[in-house]
Amino acid sequence: MSKPASGQRIAILGGNFAGLSAALALPQKFEVTLIDASPRFEWTPNIHELVSGVKAPEHLGIDRKRLLRKHGHSFLQARAQALDVDGNRIRVSSAVYVDYDACIVATGGDTLRDRVKGAAEHSIPFRTVSDCHTIYEKLQKLAERKKFTVTIVGGGVSGVEALGELLRSYREHEGMTVHVVEAGPQLMPGAPPELDEDIRAHCADYDVQFHCGITVEKISAHSVWLSNACLLPTDLTIWTAGQAIPRLLEDAGLGPGGEDGAPVKPSLQSVRKKNVFVAGDCAVLRKPIKRQAYHAIEMGEHAAANCARFLRGRKLKKYRPSRKPILVAFGDLDTYLVAGRRVIAGRSLAGAKEALFQGGMALFAPPLGKEDASQFYKRFSRSMTHLLLPQFDSLDAAMALGRYRWVA
């Protein structure tokens, strides 16, 4: 593609929180092309609710092409095959290249499944709307049996939220067994240990077994082998653990030395190439931060601003991540607000997490036009029906909504 006379070219690899936020922050004076294999932006912090059917797949996405068109930018639905940082271009097919003057990399990370024998073939990742809807469909079939076993690999936020949704829908199924395998010493590694204890207490009446400080060595269709020589029978294995640098970035030389992402300067500029900026989960900062959606949004916007400054020959600004608490949903049993070493629990906090979802989706796609307004109404109506109203199914349940607990 030849350089347009109207302005300089910025290519964005990856179109979820970081990449989309970067695109929406860039003015139309730049020729912006966002490249992603999927046609839809996905609100991934709530994909766990697909496992129980609380959310519907169509309510967790926004059409990228339509959204970018409103901002005067282009969307290319394609899977990037190679990033040539020396030639300043991205290969999307054998004959199609996207040239750029500056590039923002926001691909996220790849799962670690390919590092464990059989994991890619016999486990389902927990990363996209499609992944979690597939898990929902498989669980619906398994629930028809008298007994079934689910193994969750990873006891971080995604693993805990997946477990919560399993208990939301199937805790009355007397034949369900759940195994949670976490390589760290506790659930939610890095969080106060009292949070681990509280989650376990919620599971005391159900057949949920935790395996912490243990890794997975091999997975087959019906078994999971652990590093302590334990063999777990399983009917469904859900992979929520860890991430690795995408091969695309590794091949481009952006993440050398076994990093789990691409190292960046404080400005989010790549340490490898000056006209490449990295944002979101694939960025490795000197002082690591948690991989959260709000960080990805901030990083995308900051990368966009610095990308514009770079092209104008101006001084780059340092990225300073905000300190914000995170909300961790545990099905309909509890919701946790984690702020550093402090943890508060309460069922009504689920409303705060839902408000972030509704508000965030409305922010990306304001319900001004007919289509966006219709989608907003459908999302809100489903939330009222499946999340809010069930919490008033009894007087005790309704009264419990106003109660909060200090967990740590």
Side-chain angles (χ1 to χ4, degrees), residues 11-20 22 33-39 41-42 44 64 75-100 102-131 153-154 156 158 183 215-219 237-264 268-285 288 291 296 299-300 303:
I12 302 175
L13 268 178
N16 232 52
F17 284 102
L20 187 61
T33 302
L34 187 148
I35 304 168
D36 198 289
S38 171
F41 160 81
E42 295 182 348
T44 51
R64 289 190 175 110
F75 173 61
L76 176 60
Q77 185 182 343
R79 188 176 300 279
Q81 297 182 359
L83 170 59
D84 181 0
V85 296
D86 294 319
N88 296 329
R89 63 181 188 172
I90 300 163
R91 177 164 59 85
V92 295
S93 73
S94 59
V96 177
Y97 291 82
V98 176
D99 298 314
Y100 61 79
C103 179
I104 298 174
V105 176
T107 57
D110 285 342
T111 70
L112 296 171
R113 292 189 307 152
D114 59 353
R115 299 186 183 182
V116 174
K117 185 177 180 180
E121 298 84 4
H122 302 296
S123 68
I124 302 176
F126 198 85
R127 292 174 58 83
T128 69
V129 167
S130 177
D131 294 336
V153 181
S158 295
T215 58
V216 173
E217 294 195 337
K218 185 172 68 171
I219 299 175
T237 302
I238 302 170
W239 188 283
T240 74
Q243 77 165 35
I245 182 172
R247 179 60 61 86
L248 182 77
L249 306 190
E250 192 173 10
D251 291 345
L254 294 180
E259 297 276 7
D260 62 356
V264 295
L268 302 184
Q269 186 181 49
S270 168
V271 300
R272 165 75 170 80
K273 194 71 174 177
K274 290 184 178 180
N275 67 337
V276 175
F277 295 81
V278 189
D281 287 358
C282 61
V284 177
L285 295 160
R291 293 182 168 104
M299 293 172 79

Legend entry - Rounded distance [0.5 Å steps], CD in Gln81 versus CD1 in Ile90: 12.0 Å
Legend entry - side-chain contact (heavy atoms from CB on, under 4.5 Å) between Thr107 and Asp281, worked out: CA-CA 8 Å; Thr107 57; Asp281 287 358; over 6 Å; no
Inset, instruction - Could you tell me which non-hydrogen atom of Gly15 sits nearest to which non-hydrogen atom of Phe41, and how far apart they are? - result: O-CD1, 3.9 Å
Legend entry - Side-chain (Asn16) to main-chain (Glu42) donor-acceptor, under 3.5 angstrom: yes
Inset, instruction - Would you confirm whether Thr240, through its side chain, and Val153, through its main-chain N or O, come within 3.5 Å as a donor-acceptor pair? - result: yes
Legend entry - Inter-residue atom distance Ile12.CD1 - Asp36.CG, 0.5 Å rounding: 11.0 Å
Inset, instruction - For Leu249 and Ala262, work out which heavy atoms get closest and say how close. - result: CD1-CB, 4.5 Å
Legend entry - Short N-O contact, Arg127 and Asp110, less than 4.0 angstrom: no
Inset, instruction - Any chance you could measure Ile35, atom CD1, to Leu83, atom CG, to the nearest 0.5 Å? - result: 9.0 Å
Legend entry - Rounded distance [0.5 Å steps], CD1 in Ile245 versus CG in Leu254: 7.0 Å
Legend entry - Which atom of Pro246 lies closest to which atom of Gly108, heavy atoms considered: CG-O, 3.1 Å
Inset, instruction - Mind checking the CD1-CG spacing from Ile104 to Asn275? Nearest 0.5 Å is all I need. - result: 11.0 Å
Legend entry - Value rounded to 0.5 Å, distance of CG in Asp84 from OH in Tyr100: 7.0 Å
Inset, instruction - For the pair Thr44 and Thr128, evaluate side-chain contact (heavy atoms from CB on, under 4.5 Å) and give the outcome as yes or no after the intermediate values. - result: CA-CA 7 Å; Thr44 51; Thr128 69; over 6 Å; no
Inset, instruction - Report the C-alpha distance between Glu121 and Ile219 in whole Å, list the side-chain angles of each, state the deciding distance to 0.1 Å, and finish with yes or no for side-chain contact (heavy atoms from CB on, under 4.5 Å). - result: CA-CA 8 Å; Glu121 298 84 4; Ile219 299 175; over 6 Å; no
Legend entry - Beyond-backbone contact of Leu268 with Met299, side-chain heavy atoms, under 4.5 angstrom: yes
Inset, instruction - Without swapping roles, check the side chain of Arg64 against the backbone of Phe75 for a donor-acceptor pair under 3.5 Å. - result: no
Inset, instruction - Output yes when a side-chain donor or acceptor of Arg113 lies under 3.5 Å from a complementary backbone atom of Trp239, and no otherwise. - result: no
Inset, instruction - Give the minimum heavy-atom separation between Val98 and Ala11, together with the two atoms involved. - result: CG1-CB, 4.3 Å
Inset, instruction - Specify the closest pair of heavy atoms between Thr215 and Ala183, including all atoms of both residues, with the distance to one decimal. - result: CG2-CB, 3.8 Å
Inset, instruction - Looking only at non-hydrogen atoms, find the nearest pair between Gly19 and Ala106 and report the distance. - result: N-CB, 3.5 Å
Inset, instruction - Could you tell me whether a side-chain N or O of Arg91 sits under 3.5 Å from a main-chain N or O of Ala82, the two making a donor and an acceptor? - result: no
